[in-house]
Amino acid sequence: MEAIEHPAKTLAEPLLADSLDLDALADGAVHRLRIALVQNALGRQVRVPAIVVKGERPGPVFGITSALHGNEVNGIAMIHRLLETFTPADLRGTVVAIPITNIPAYLNNTRRYPDGFDLNRLMPGKPHGTQSEIYANRLINRIVNRFEYHLDLHTASFGRINSLYIRADMTKPTVAEMSRILRPEIIVHNRSGDGTLRGAAQALGIHSVTVEIGNPQRFQADKVRQTRIGVRDLLEHLDMLDADHEQADLPTIECSRSYWLYVDRGGYLTVLPELVQKVARGERIAELYNEWGDLIASYQAPEDGVVVGKETNPVAGTGERILHLGVIGPPPSAT
Ligand SMILES: [Zn+2]
């Protein structure tokens, strides 16, 4: 069908750039950039969109990356809503928002980079590696290494759902403080030496936190809003913005560790507890049925915990995930 066209915003055309050069951008303005990372097979530049809000006054560089997994899109809406809440005149420092970080995967509506690899397992990539390694490496060297604070926005994978939760190295005081100000439903302590963008950012001295905003391939208004309020609170806490009227006030459950539970045989899976529900050791958490409808197996919580995420696809072969169990307790203290 034919579209009704709306006039574009009266901002200038996006600036084409080869890297994020913050010094070259005027203070007190919002800048839209397209930053070149690699070329596609037609020799065209693959460019990452960057929205840079440069405050009128000095302050830190706060970076937000979203859709590093191409089908995890709640973060895109969060960024757009967040940036509506302040202007460059309000801001001390710079906010750099990358609404779509993994452009090829976003276009394919997939989690992984088109060569089949997960960008969040091979960071910081390699300057002369495979396609995904080069993309990862340039993402860090051309954009992310400018950040002082960083949020990497994700969601659950296809076939699963997540609470609004944070993975962060809670032994790092600044990271722990950021996580608590963000007020997610759950914080899971996790050190991350595993090729994630968060781990690579931390190796560069950037204070980095992973925020998991619900479910893939959709916008969830409630979780987007809750995250947006928390991120705004964090910018206020860092003295980049003055306090507004909204304050995140939902309780946060902190977990000292977490892990996934898996089925040891195949069938039709039902996971019983809801997200953020507390489960007790020995409580039935899942049932497996055969193709005739008979209950063939059930699973119990191995210890007390809280449901961080869960499988929603009932089709379960041996080794399929059941749920992500968070073990409630204080994270280890600073080391
Ligand atoms: Zn992800």
Side-chain angles (χ1 to χ4, degrees), residues 37 48-49 63-80 97-125 132-133 135-136 139-140 143-144 147 150-169 175 178-179 182 184-202 206 208-220 223-224 226-228 230-231 255 258-260 275 307-313 320-321 323-324 326:
L37 289 192
V48 171
I64 309 173
T65 50
S66 169
L68 180 63
H69 292 137
N71 62 350
E72 301 183 0
V73 296
N74 267 330
I76 302 173
M78 199 297 292
I79 284 172
H80 294 156
I98 313 292
I100 304 157
T101 306
N102 187 343
I103 295 291
Y106 172 80
L107 293 174
N108 287 350
N109 200 14
T110 55
R111 171 185 177 87
R112 291 165 184 255
Y113 200 78
D115 67 356
F117 290 96
D118 184 334
L119 287 187
N120 210 31
R121 296 291 181 274
L122 48 76
M123 293 286 173
S132 46
E133 286 170 336
Y135 190 93
L139 178 71
I140 288 178
I143 300 174
V144 172
F147 302 162
H150 172 232
L151 304 180
D152 192 27
L153 310 180
H154 287 257
T155 74
S157 298
F158 185 68
R160 302 200 272 274
I161 55 175
N162 273 348
S163 57
L164 172 56
Y165 85 92
I166 280 177
R167 277 197 308 279
D169 184 346
V175 165
M178 289 167 68
S179 303
L182 286 165
E185 292 173 295
I186 298 171
I187 296 172
V188 168
H189 167 65
N190 176 289
R191 279 184 183 275
S192 101
D194 46 3
T196 60
L197 181 54
R198 170 168 68 99
Q202 279 182 180
I206 301 166
S208 181
V209 165
T210 302
V211 186
E212 295 276 349
I213 313 173
N215 310 342
Q217 292 175 325
R218 54 173 299 199
F219 287 148
Q220 290 169 280
K223 286 197 161 56
V224 167
Q226 202 179 334
T227 309
R228 191 256 302 158
V231 177
C255 296
S258 73
Y259 54 94
W260 278 92
L275 291 175
V307 179
V308 180
K310 62 182 269 191
E311 184 69 46
T312 52
N313 180 359
E320 186 56 82
R321 290 164 193 252
L323 61 78
H324 182 188

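Remember, predicted model here, so these are calculated numbers, not experimental data. Start at 1 and go down the list; that is how both ligands and their atoms are numbered.
The backbone N or O of H154 lies less than 3.5 Å from no partner atom in the side chain of E72, so there is not a single donor-acceptor pair.
Around the Zn ion (ligand 1), the protein atoms of type N, O or S that sit closer than 2.8 Å are H69 ND1, E72 OE1, E72 OE2, H154 ND1.
Using the six-membered ring where Trp is involved, Y165 and H324 have ring planes that are perpendicular, over 60° apart on the 30 and 60° scheme.
Atom CG of N102 is separated from atom CG of N108 by 9.0 Å, given to the nearest 0.5 angstrom. D152 contributes atom CG, which lies 9.5 Å from atom CZ of F147 (distance to the nearest 0.5 angstrom).
Using a 4.5 Å heavy-atom threshold, the side chains of I186 and V307 count as separate.
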Let me check something: any side-chain donor-acceptor pairs from residues 156-163 under 3.5 Å, sequence neighbours excluded? List them with distances.
| from | atom 1 | to | atom 2 | distance (Å) |
| --- | --- | --- | --- | --- |
| S157 | OG | R111 | NH1 | 2.8 |
| N162 | ND2 | E212 | OE1 | 3.0 |
| S163 | OG | V308 | O | 2.8 |

